[in-house]
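Only this structure's heavy atoms are used, side chains among them; waters, hydrogens and symmetry mates stay out.
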Amino acid sequence: MANSYITKHHYFYSVGLSYKKADAAIRGKFSLDASSKSRLLAQANEEGIESLIVTSTCNRTEIYGFAEHPFQLIKLLCDNTKGTVEEFQKVGFVYKNQEAVDHIFRVGTGLDSQILGDFEIISQIKSSFAEARSLGLINTYMDRLINAVIQASKKIKNETEISSGAASVSFASVQYIIRNIEDIRNKNILLFGTGKIGRNTCENLVKHTKNEHITLINRTKDKAEKLAGKLNLIVKDFSELHLELQKADVVVVATGAQNPTIDKAILNLKKPMLILDLSIPKNVHENVQELNGVTLIHMDHLSQMTDDTLEKRKTHIPAAEAIIEEIKEEFLTWTKARKFAPTIHALKEKLNAIKDSELDFQSKKIIGFNEEQAEIISARIIQKITTHFANHLKDHNTMVDESIEWIEKVFQIEASAK
């Protein structure tokens, strides 16, 4: 079965790193912003990589693609990030063929998420898929695989309760604020950054705190204004960040900057401050903790929070896994059929050639030979024979490569494409 994943001596791999073994600092080194992701895809095209998608979130950076050797994909990652091969070897993973397929199904359905059932990853996989497709980096196999993962994610979301209740990094951050800040409704909250986590956190803050003193700052002001308009928030210019920090009781940082944007030098505290850094790489310098009254919480800490919602979700894991197995089985059946289809086609052509030759011979030899009836009967026999072979090759216990080799040898045929 393994060879169902091979194309032109290339194997299907998943390489990357995640929150499981890599801390926030290392994940930050390997994170890809929009421009570095585009550079990576362009480089993959130049190097003749047939099919590849790449995802980079706060919890993971992963590449799924075809290569002769996984180092080709690891090199792409290291060439376009601040991470090194040596660092990757310490915390990274490499999955091949079936293991790589298993992995992308678990990632895409939220079973591998830092907070179980967090479905934000599937939208990121979808956008990565669309970007790779626009560059011609999606082959038939990858197209079918990603669509199967999307289908599994959707079915799990609709048919199980693994995503019931609000649980994500953004929700966990709001829970933390509510639990640790008294009278949150009347405190000054500053949100810096309007990326996906920033937007979700903002929505959760408005919904769960009823606070009307939430200020939004983003480097690009129109993005902040767009979000603020929906939620009735205050927007300030990026140039006013320093002043707004002095007023804030709670600061949520969710920017996409590659280096820290807040450190102790720009804080002039007159009261306690809680800072939540939801950015990868980290955007708040550790030195803020040297100031009295500052509490700095990073998203990795928030992700370790468990509550009743998450405990309930765990009971739905078997149902989710059953859905994955069902859709994965359909995908694997397709990959197997795709592998032997050219052989079955060549076999049918060979049998038709034998039939044509025999009918021609018999029509000359037998007086009143009914060629039309013979044609119908022969075609039905050929269909039944090829169906038998196809069913044999579909069987889970069949060694596909050996069977294909045997069929081609016995019938002296060569499939045009494998």
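Nearest heavy-atom pair, T160 versus A319, reported as atom, atom and distance to 0.1 Å: CG2-CB, 3.9 Å. Taking all atoms of both residues into account, the shortest heavy-atom contact from F129 to I53 is CA-CG2, 4.1 Å. Minimum heavy-atom separation, V253 to V284: CG2-CG2, 3.7 Å. When every heavy atom of H285 is checked against every heavy atom of L296, the shortest pair comes out as O-CD2, 4.2 Å. The two residues N211 and K187 come nearest to each other via the heavy atoms ND2-O, 2.8 Å. Residues S36 and N80 share a closest heavy-atom pair of CB-O, 3.5 Å.
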Practice item. Report the C-alpha separation of Y64 and L145 in whole Å, then their side-chain angles, then the decisive distance to 0.1 Å, and conclude whether the side-chain contact (heavy atoms from CB on, under 4.5 Å) test is met. Key: CA-CA 11 Å; Y64 310 100; L145 173 61; over 6 Å; no
**Study point:** N218 vs V235, side-chain contact (heavy atoms from CB on, under 4.5 Å): CA-CA, chis, key distance, verdict
**Key:** CA-CA 9 Å; N218 194 56; V235 176; over 6 Å; no
Exercise for review: Show your working on side-chain contact (heavy atoms from CB on, under 4.5 Å) between T55 and V107 and close with a plain yes or no.
Suggested key: CA-CA 11 Å; T55 61; V107 170; 6.0 Å; no
Point to revise | Residues T109, I323; criterion side-chain contact (heavy atoms from CB on, under 4.5 Å); working and verdict | key: CA-CA 10 Å; T109 55; I323 288 170; over 6 Å; no
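Using a 4.0 Å cut-off between charged nitrogen and carboxylate oxygen, R39 and D79 do not count as a salt-bridge pair. Contact check on E87 versus K90 returns no salt bridge, with no Lys/Arg side-chain nitrogen under 4.0 Å from an Asp/Glu carboxylate oxygen. Using a 4.0 Å cut-off between charged side-chain N and carboxylate O, R106 and E321 make a salt bridge.
In this structure, D143 and R133 have side chains that are in contact, with non-hydrogen atoms separated by less than 4.5 Å. Here the side chains of N188 and K271 are in contact, with some heavy-atom distance below 4.5 Å. Looking at heavy atoms from C-beta onward, T209 lies out of side-chain contact with R185 at the 4.5 angstrom threshold. Looking only at side-chain heavy atoms (C-beta outward), R60 and I280 stay at 4.5 Å or farther from each other. In this structure, L137 and E131 have side chains that are not in contact, with every pair of non-hydrogen atoms separated by 4.5 Å or more. You'll find the side chain of D249 stays beyond 4.5 Å of the side chain of I181, heavy atoms only.
Side-chain contact, S35 with D33: a donor N or O sits under 3.5 Å from an acceptor N or O. The closest side-chain donor-acceptor pair between E99 and S14, if any, does not fall under 3.5 angstrom. With hydrogens and angles left out, the side-chain atoms of E62 and S18 include no donor and acceptor closer than 3.5 Å.
Take T315 and apply the side-chain contact (heavy atoms from CB on, under 4.5 Å) test, not counting sequence neighbours, and it matches no residue. Among residues two or more places apart in sequence or in another chain, the ring pair (Phe, Tyr, Trp, His ring centres under 6.0 Å) test is passed with W406 by none. In this view, S128 and K37 satisfy the side-chain hydrogen bond (donor to acceptor under 3.5 Å, both in side chains) rule, not counting sequence neighbours. V91 pairs by the side-chain contact (heavy atoms from CB on, under 4.5 Å) definition with L17, K21, A22, I26, not counting sequence neighbours. Residues forming a ring pair (Phe, Tyr, Trp, His ring centres under 6.0 Å) with F411 (at least two apart in sequence, or on another chain): F389. Residues satisfying the side-chain contact (heavy atoms from CB on, under 4.5 Å) test with T201, not counting sequence neighbours, are S170, S173, V174, I197, L205, V252, L278. Under the rule for a side-chain hydrogen bond (donor to acceptor under 3.5 Å, both in side chains), K126 has no partner lying at least two apart in sequence or in another chain. Partners of T295 under the side-chain hydrogen bond (donor to acceptor under 3.5 Å, both in side chains) rule, at least two apart in sequence or in another chain, do not exist in this structure. Partners of H103 according to the ring pair (Phe, Tyr, Trp, His ring centres under 6.0 Å) rule, which considers only residues two or more places apart in sequence or in another chain, are F93, Y95. Among residues two or more places apart in sequence or in another chain, the side-chain contact (heavy atoms from CB on, under 4.5 Å) test is passed with T140 by W334, R338.
Using bins of under 30°, 30° to 60° and over 60° for the plane-to-plane angle, the ring pair F12/F66 lands in the tilted bin.
Annotation: K409, atom NZ; neighbour count of heavy atoms from other residues, nucleotides and ligands within 6.0 Å does not exceed 12. Heavy-atom contacts from other residues, nucleotides or ligands closer than 6.0 Å to CD of E402 number more than 12. Heavy atoms of other residues, nucleotides or ligands lying less than 6.0 angstrom from CD of E405 number 12 at most. Surrounding NZ of K282 are more than 12 heavy atoms belonging to other residues, nucleotides or ligands, all under 6.0 Å away. Within 6.0 Å of CG in N292 there are 12 or fewer heavy atoms belonging to other residues, nucleotides or ligands.
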Taking only distance into account, with no hydrogens and no angle test, what donor-acceptor pairs under 3.5 Å do side-chain atoms of residues 149-158 form with protein atoms, sequence neighbours excluded?
residue	atom	partner	partner atom	Å
K155	NZ	E326	OE1	3.4
K155	NZ	E326	OE2	3.0
N158	ND2	K154	O	3.3

Using atom types as modelled, flag every donor-acceptor pair under 3.5 Å from a side chain in residues 256-267 to any protein atom, sequence neighbours excluded.
residue	atom	partner	partner atom	Å
T261	OG1	N283	O	3.4
D263	OD1	A265	N	3.1
K264	NZ	E290	OE1	2.6

